Amino acid sequence: MPELPEVEVVRRGLERWVAHRIVAGVEVLHPRAVRRHPAGAEDFAHRVQGHRLGLPSRRGKYLWLPLQDSGQAILAHLGMSGQLLVQPLSAPTEKHLRIRVRFADTPTAAASAAEATELRFVDQRTFGGLSLHDTTPDGLPDVIAHIARDPLDPLFDDEAFHQALRRKRTTIKRALLDQSLISGVGNIYADEALWRTRVHYERPTATFTRPRTAELLTHVRDVMNEALAVGGTSFDSLYVNVNGESGYFDRSLDAYGREGLPCRRCATPLRRRPWMNRSSYYCPKCQRAPRVAS
DNA sequence: CAAGGCTCCTGATAGC
DNA sequence: TGCTATCAGGAGCCTT
C-alpha cells in the first residue's frame, strides 16, 4: 500500500539508478499496466524509446520521469502493489512483471555487461501503471493537474487547506484521502495521523479550528517523515524499494492494523470499523466519536 | 457542482 | 482436500 513515504523511497532509488539513462526499448507484458495511456501499449513503447530520462519528480503518490527535450514524461502510479525495480538483466523474470525498460548505456564505465541493469514494473493487483503525458510549463504531467500539493511540498498552503476543510461538508478522513485537497495520504497514514491528533475519523471537517488543523498537519508530516527515515512501511514483499528491500515503519505503527491491541497512550483496546470498502483503526477513548448531527 | 458509492484486480487466509 | 467468502485499497467514473 504505497503512500507518500513509500513512493518517495522509490523516487530516490530511480534518481540514483535510472536518471540520465537512455531508453533502448520498452516491453509491455500486460495491457492493463498502460491503461492510462489511451493510444495503447505499442504507442507507449515506441514513444519512450530513444529518449534520455531526466530527474524523477513526485507529487503525492504519483511520480514521473521526464523525457529530456520532449516536453513529455512517463507518469507512474504504484496503485496497491506496484513496484519499480532496478534489476540486473540476468535476474529471473518476476511472476507479475508487467513492463520492462531496457537502457542503451550501462550505469558506470566499470560495470560489466553482467552487472548492467534494467527497470521493471511489477504489479500483482494491476491497480498501478505507467503512461506518457505532456508536461505543463512547471513540469507537471497534465493529467495530474488536479492533484493537490502534498504536505512535504514546501509550497503546500496550510491556510488554504484549513479554509478548504471549513468549506467542505464531509468528514476528516474522507478529506485526508481526497487527493485534490491534500495528496499522498492513504489509509495507513490517515489513521496514524488521526490517532496522534486524538481525532475521530468521522469528525466533520467544518468543526476544525485553525489550531486543530495545524496540529493535524504537523502529525501528518511527522509520521510521514519518520516512515521515510526507515524506508517506508512494508507488511510483506508487496512494497519494496527499487532494490527489492522492505521498509521498517510497520514496527512503529500506533493504530493501523492494531485491532484489539492496547492503545499505546491509554491501553484501551483499539477498534477496527469497516469504512468506505476498507477499515479504520482508532482508539475509542482517545478518539471520541463526534456527536451525531440531528 | 459537491458528495459519496462502485469498480477494477489477484492472492492470502479463514471457514466449512 | 478443495471449495467459497472475505479482505487488502487508489482513484477514475458514475449516480444522486
Side-chain angles (χ1 to χ4, degrees), chain A residues 1-8 10 28-38 58-64 75-84 94-99 121-131 133 140-151 163-194 201-207 220 224 232-240 246 249-250 253 255-260 271-281 292-293:
Chain A
M1 296 124 250
E3 301 179 30
L4 187 155
E6 293 73 38
V7 178
E8 175 59 18
V10 171
V28 178
L29 296 116
H30 197 300
R32 217 178 121 74
V34 291
R35 71 189 179 288
R36 291 194 71 187
H37 187 81
R58 181 188 55 72
R59 176 176 283 195
K61 303 170 200 168
Y62 283 94
L63 65 86
W64 62 94
L75 181 65
H77 198 291
L78 303 179
M80 283 282 298
S81 56
Q83 307 173 341
L84 283 165
E94 293 79 4
K95 183 175 181 189
H96 302 292
L97 177 63
R98 309 304 190 193
I99 299 171
F121 180 67
V122 176
D123 190 11
Q124 178 201 105
R125 295 178 194 165
T126 72
F127 276 29
L130 306 186
S131 48
H133 304 279
L140 195 72
D142 55 10
V143 294
I144 60 164
H146 65 291
I147 301 292
R149 290 185 186 275
D150 61 63
Q163 293 303 331
L165 289 186
R166 299 288 307 189
R167 279 194 303 271
K168 288 279 176 185
R169 292 294 173 267
T170 188
T171 50
I172 189 57
K173 189 169 170 185
R174 283 179 180 277
L176 284 175
L177 297 186
D178 182 343
Q179 306 296 300
S180 69
L181 287 180
I182 180 172
S183 68
V185 184
N187 203 41
I188 297 172
Y189 295 108
D191 280 1
E192 293 301 309
L194 289 170
Y201 59 97
E202 284 188 319
R203 171 163 289 281
T205 58
T207 69
V220 168
M224 285 183 163
T233 301
S234 306
F235 296 105
D236 48 39
S237 58
L238 281 188
Y239 165 70
V240 292
S246 293
F249 196 68
D250 60 307
L253 294 175
Y256 185 85
R258 299 193 72 243
E259 181 183 17
R271 289 188 185 162
R272 179 176 74 89
R273 286 288 177 272
W275 182 84
M276 276 179 70
N277 286 326
R278 61 200 75 182
S279 295
S280 275
Y281 297 88
V292 179

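The shown structure was predicted, so the numbers you read here are calculated from the model rather than taken from an experiment. Lettering of chains follows the sequences in order, A, B, ..., and the numbering in each one begins at 1.
Checked against A:Asn187 for a side chain to side chain donor-acceptor pair (under 3.5 Å), the options A:Glu192, A:Arg278, A:Lys173 give a single hit: A:Lys173. With respect to A:Tyr281, the side chain to side chain contact (heavy atoms under 4.5 Å, CB included) criterion is satisfied by exactly one of A:Leu194, A:Leu253, A:Asp191: A:Asp191.
The nearest whole Å value for the distance from the CZ atom in A:Arg273 to the P atom in C:dA8 is 14 Å. Rounded to an integer number of Å, the gap from A:Phe127 CZ to C:dA8 C1' is 9 Å. Put simply, NE2 on A:His146 is 14 Å from P on B:dA2, counting in whole angstrom units. At whole-Å resolution of the value, CG in A:Leu176 and C1' in C:dA11 are 16 Å apart. If you take CG of A:Leu181 and C1' of C:dG10, they are 16 Å apart, rounded to a whole angstrom. For A:His133 and C:dG12, the NE2 to P distance is 10 Å, given to the nearest whole Å. Nucleotide C:dC7 holds its P atom 14 Å from the CG atom of A:Asn187, rounded to whole Å. Put simply, CG on A:Leu75 is 13 Å from C1' on C:dA11, counting in whole angstrom units.
A sub-4.0 Å separation between OP1 or OP2 of C:dA8 and a side-chain N or O of A:Arg125 is absent. The side chain of A:Arg272 places an N or O atom within less than 4.0 Å of a non-bridging phosphate oxygen (OP1 or OP2) of C:dA8. Note on A:Arg278: a side-chain N or O is less than 4.0 Å away from OP1 or OP2 of C:dG10. Residue A:Arg35 places none of its side-chain N or O atoms closer than 4.0 Å to OP1 or OP2 of C:dG12. Applying the 4.0 Å criterion to OP1 and OP2 of B:dT10, one finds that A:Lys95 has every side-chain N and O outside that range. OP1 or OP2 of C:dA8 lies within a sub-4.0 Å distance of a side-chain N or O belonging to A:Ser279. An OP1 or OP2 oxygen of B:dG11 is reached within less than 4.0 angstrom by a side-chain nitrogen or oxygen of A:His96. Within the structure, a side-chain polar atom (N or O) of A:Gln179 is placed less than 4.0 Å from OP1 or OP2 of C:dA11. Applying the 4.0 Å criterion to OP1 and OP2 of B:dG4, one finds that A:Thr170 has a side-chain N or O inside that range.
Among the protein residues, A:Asn277 comes within range of the nucleic acid bases, having at least one heavy atom under 4.0 Å from a base atom. No contact: A:His30 has no heavy atom under 4.0 Å from any strand.
When each of B:dC9, C:dG10, C:dG12 is scored by its nearest atom to the side-chain atoms of A:Tyr62, the top-ranked nucleotide is C:dG12. Of the candidates C:dG12, C:dG9, C:dA11, the closest approach to any side-chain atom of A:His77 belongs to C:dA11.
The shortest heavy-atom contact between A:His133 and A:Asp142 is CB-OD1, 3.6 Å. Annotation for A:Leu4 and A:Arg58: closest pair CG-NH1, 3.3 Å, computed over non-hydrogen atoms. A:Thr205 approaches A:Ala175 most closely through the heavy-atom pair CG2-CB, 3.7 Å. Summarising the geometry of A:Ser183 relative to A:Ala148, their closest heavy-atom pair is OG-O, 2.7 Å, with the distance given to 0.1 Å.
Mapping A:Arg32 and A:Lys168 onto DNA chain B by nearest heavy atom places A:Lys168 closer to the 5' end of the strand.
Applying the 3.5 Å distance criterion, the base of B:dA3 shares no donor-acceptor pair with the side chain of A:Arg174.
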